[in-house]
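See structure below.
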Amino acid sequence: MTIRVYNTLGGKKEPFEPIEEGKVRMYVCGPTVYDSSHIGHARSVVVFDVIARYLRAQSYDVTYVRNFTDVDDKIINRARELEVDSKTLAETYIDEFHKDMDLLKVLRADHEPKVTEHIDSIIKFITILIDRGCAYESGGDVFFAIDRFKDYGKLSGRNTEEMEAGARVGIDERKRNPLDFALWKAAKPGEPSWESPWGVGRPGWHIECSAMNYVFFGESFDIHGGGKDLIFPHHENEIAQSEGAFGKPMAKYWIHNGFVNIDREKMSKSLGNFLMIKDVLKHHHPEVIRLFLLSNHYRSPIDYSVKSMEEASSGLDKIYTLLERIEAETGPDTGKNPKGDYWNRFEDAMNDDFNTARGIGVIFEAVRNANRLLDEAGETPSPETLETVGAIRSDILEMGRILGLLSEPPAAYFEHRKIIRLQQTKADVKAIEQLVDERTAARKARDFQKADRIRDQLTDMGVTLEDRPDGVVWRMTK
RNA sequence: GGCGGCAUAGCCAAGUGGUAAGGCAGCGGUCUGCAAAACCGCUAUACACCGGUUCGAAUCCGGUUGCCGCCUCCA
């Protein structure tokens, strides 16, 4: 079964066949580190994390590179505002990015190059472009000459004549064509800068990716990813640079993820509704965030709201509740079960352009089926039932591994979730446990009125009770 | 203005021409002292609208309407 991937270049799904059999070279545009990472960064990073995990599970030898843009106007401006140097600022946010993404259980990329570590490669790359007549120096700046790359616009489906006619393009006298873009910018006083054949300066934005993926992958590689907004101009310009330099296709598959909206609105500076990962993590278990982000197809927009997060939370609880139930019967998963039918259906979903939404549907079906088998089995399930249920659990966990979900033992998950809720509501654990004990005593004495009164009180405190055969369990209500 | 995307039940959402996965919410039932959890049942008989292709379309084609994104170094 082959994987089919939607390729932005060409605009349709294609069979996935890496350039070199069995190997996948994947480059994803990482953040410009001038501020905390927001939920939109999380989506991009989680989506490509899942793609990398899945390709590895399909026995591909994946090399995953994700860069940090650590020199840029925004970083310089922000550093100036905060009166720190831009290197310090960038490093602060790189550390924060790692912290956020580690909490979100994102696996580290194999290489995380920074622009400032690859200035030499960038200068060499620009030199190649100048030598090939694709770029020109103008007063200490170097620009890419759009007219020298006839395929310009092939990724985003734009044509240059219409764009030149567009009112949005500003006139810059140093440029031969208004659409030409900067490869190298002459330094202004106080800015970070490096020596170059064109004087002191710093790289433009687009060139870093072309140069760095050349360093790791050479002239062509398999997957280039990023947010949809990067299609134009960023990725269009990367293609112009890399293909202009080498005359070979840059990346075979271009994959772009959709945006996260907040209450149906785009995150924007003017609305001031940027939602930072660290803030979402205060309210939600990391896997709730992942489940939410993966519950829509990666190319569709997804809407963040209190309600959608609560739904994701309910869903995750449901899965962990089953895992806990099975564990109580059979102990933890042995990891020895072969992959079953649910896994196969999950693979079908993932093979269809990484359709995690469909894959999650398979998980829920598996959960329902396992619950049903256990319900039907009654008090003492037969060994056969337990074996079947155990096999279903193995599939569920296997699917979870691809999505970066269900990685905690159920008890730890519920504890983790409880802690997050308690921090939010500032509820007093001791008080809760005391009330729970009082209610248990009342129930034992068959004083149900008192027991129910206490339970109502706990409900008001955001606590849900479950009276199980083996004792009372309390949880924080979503 | 140019390019692109989307429109599926109360809400979210998958759907690769053959009569609609899954989740959340709701209602009824089983279980329970009562609940909770779980399960079962019910909730789309015009898949935005209008045409067309086809034996057959949510799925393909054309058009209409409505939303949205990119074209501003925003994932």
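Just so we're on the same page: letters track the sequence lines, and every chain starts at 1.
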- Message: Rounded to whole Å, how long is the line connecting atom NZ of K307(A) with atom C1' of A13(B)?
- Response: 12 Å

- Just checking R372(A): base, sugar-phosphate only, or nothing, at a heavy-atom cut-off of under 4.0 Å? sugar-phosphate

- Task: Could you check whether L374(A) gets within reach of a base, just the sugar-phosphate, or nothing at all, counting any heavy atom under 4.0 Å?
- Result: nothing

- Query: Within the structure shown, what part of the strands sits under 4.0 Å from V260(A) by heavy-atom distance: base, sugar-phosphate, or nothing?
  - Reply: base

- Task: Provide the distance between the two P atoms, one in G23(B) and one in G63(B), to the nearest whole Å.
- Result: 39 Å

- Message: Using Watson-Crick or G-U wobble geometry with both distances under 3.5 Å, which nucleotide pairs with G56(B)?
- Response: none

- To the nearest Å, give me how far apart CZ (F259(A)) and P (G4(B)) are. 18 Å

- Looking at N371(A), does any N or O in its side chain come under 4.0 Å of the phosphate oxygens OP1/OP2 on C39(B)? yes

- Message: I'd like the C1' distance from G28(B) over to U43(B), given in whole Å.
- Response: 12 Å

- Item | Nearest-Å distance for atom pair NE2/P, residues H41(A) and A75(B) | 4 Å

- Please examine the side chains of D73(A) and R202(A), heavy atoms only from C-beta on, and report whether any two atoms are closer than 4.5 Å. yes

- Query: Within the structure, does a side-chain N or O atom of K318(A) lie under 4.0 Å from either OP1 or OP2 of G22(B)?
  - Reply: no

- Item | P spacing across the pair C60(B) / G69(B), given as an integer number of angstrom | 24 Å

- Could you please name the partner base of C3(B), counting Watson-Crick and G-U wobble pairs only when both distances are under 3.5 Å? G69(B)

- Message: Can you tell me the base-pairing partner of C49(B)? Count Watson-Crick or G-U wobble geometry only, both distances below 3.5 Å, and say none if there is no partner.
- Response: G63(B)

- Hey, does G258(A) reach any base, or is it just sugar-phosphate, or nothing, if we go heavy atoms under 4.0 Å? base

- Are E117(A) and K114(A) within salt-bridge range, i.e. N to O under 4.0 Å? yes

- Message: Contact list please: residues 292-300 of chain A against RNA chain B, heavy atoms, distance less than 4.0 Å, in numerical order.
- Response: N296(A), H297(A), S300(A)

- Complementary nucleotide of A9(B), counting Watson-Crick and G-U pairs under 3.5 Å: none

- Task: Only one of R299(A), K12(A), R4(A), K13(A) passes salt bridge (Lys or Arg N to Asp or Glu O under 4.0 Å) with D353(A); say which it is.
- Result: R299(A)

- Is there a Watson-Crick or G-U wobble partner for A36(B) with both distances under 3.5 Å, and which nucleotide is it? none

- C42(B) -> Watson-Crick or G-U wobble partner, both distances under 3.5 Å, gives G26(B)

- Whole-Å C1' distance, A48(B) and A58(B): 12 Å

- Hey, would you say the F68(A) and H98(A) ring centroids sit under 6.0 Å apart? yes

- Query: Contact class for G40(A) (heavy atom, under 4.0 Å): base, sugar-phosphate, or nothing?
  - Reply: base

- With rounding to whole Å, what would you report as the distance between G15(B) and G22(B) at their C1' atoms? 11 Å

- Query: How would you label the contact of N261(A) with the nucleic acid (heavy atoms, under 4.0 Å): base, sugar-phosphate, or nothing?
  - Reply: nothing

- Message: Tell me if the centroids of the rings in F181(A) and H206(A) come within less than 6.0 Å of each other.
- Response: yes

- Task: Check whether the side chains of N67(A) and E112(A) place a donor and an acceptor atom closer than 3.5 Å, and report yes or no.
- Result: no

- Item | Nearest-Å distance once atom C1' is located in both U65(B) and G26(B) | 32 Å

- Task: Spell out protein contact along nucleotides 31-36 of chain B as letters: B when the base is contacted, S when just the sugar-phosphate is, - when no protein heavy atom is under 4.0 Å; keep the 5' to 3' order.
- Result: --BBBB

- Message: Would you measure the distance from the P atom in A46(B) across to the matching atom in C40(B) and give it in whole Å?
- Response: 28 Å

- Message: Please confirm whether the shortest side-chain N or O distance from R368(A) to OP1 or OP2 of G22(B) is below 4.0 Å.
- Response: yes

- Query: At under 4.0 Å, does any side-chain N or O of N355(A) touch on OP1 or OP2 of G15(B)?
  - Reply: yes

- Message: For a quick check of understanding: with a heavy-atom distance under 4.0 Å over all strands, which category does F232(A) fall into, base, sugar-phosphate or nothing?
- Response: sugar-phosphate

- Classify the nucleic acid contact of G315(A) as base, sugar-phosphate or nothing, counting any heavy atom under 4.0 Å across all strands shown. nothing

- Item | P-based separation of G18(B) from G51(B) [nearest Å] | 24 Å

- Within the structure shown, what part of the strands sits under 4.0 Å from S308(A) by heavy-atom distance: base, sugar-phosphate, or nothing? nothing

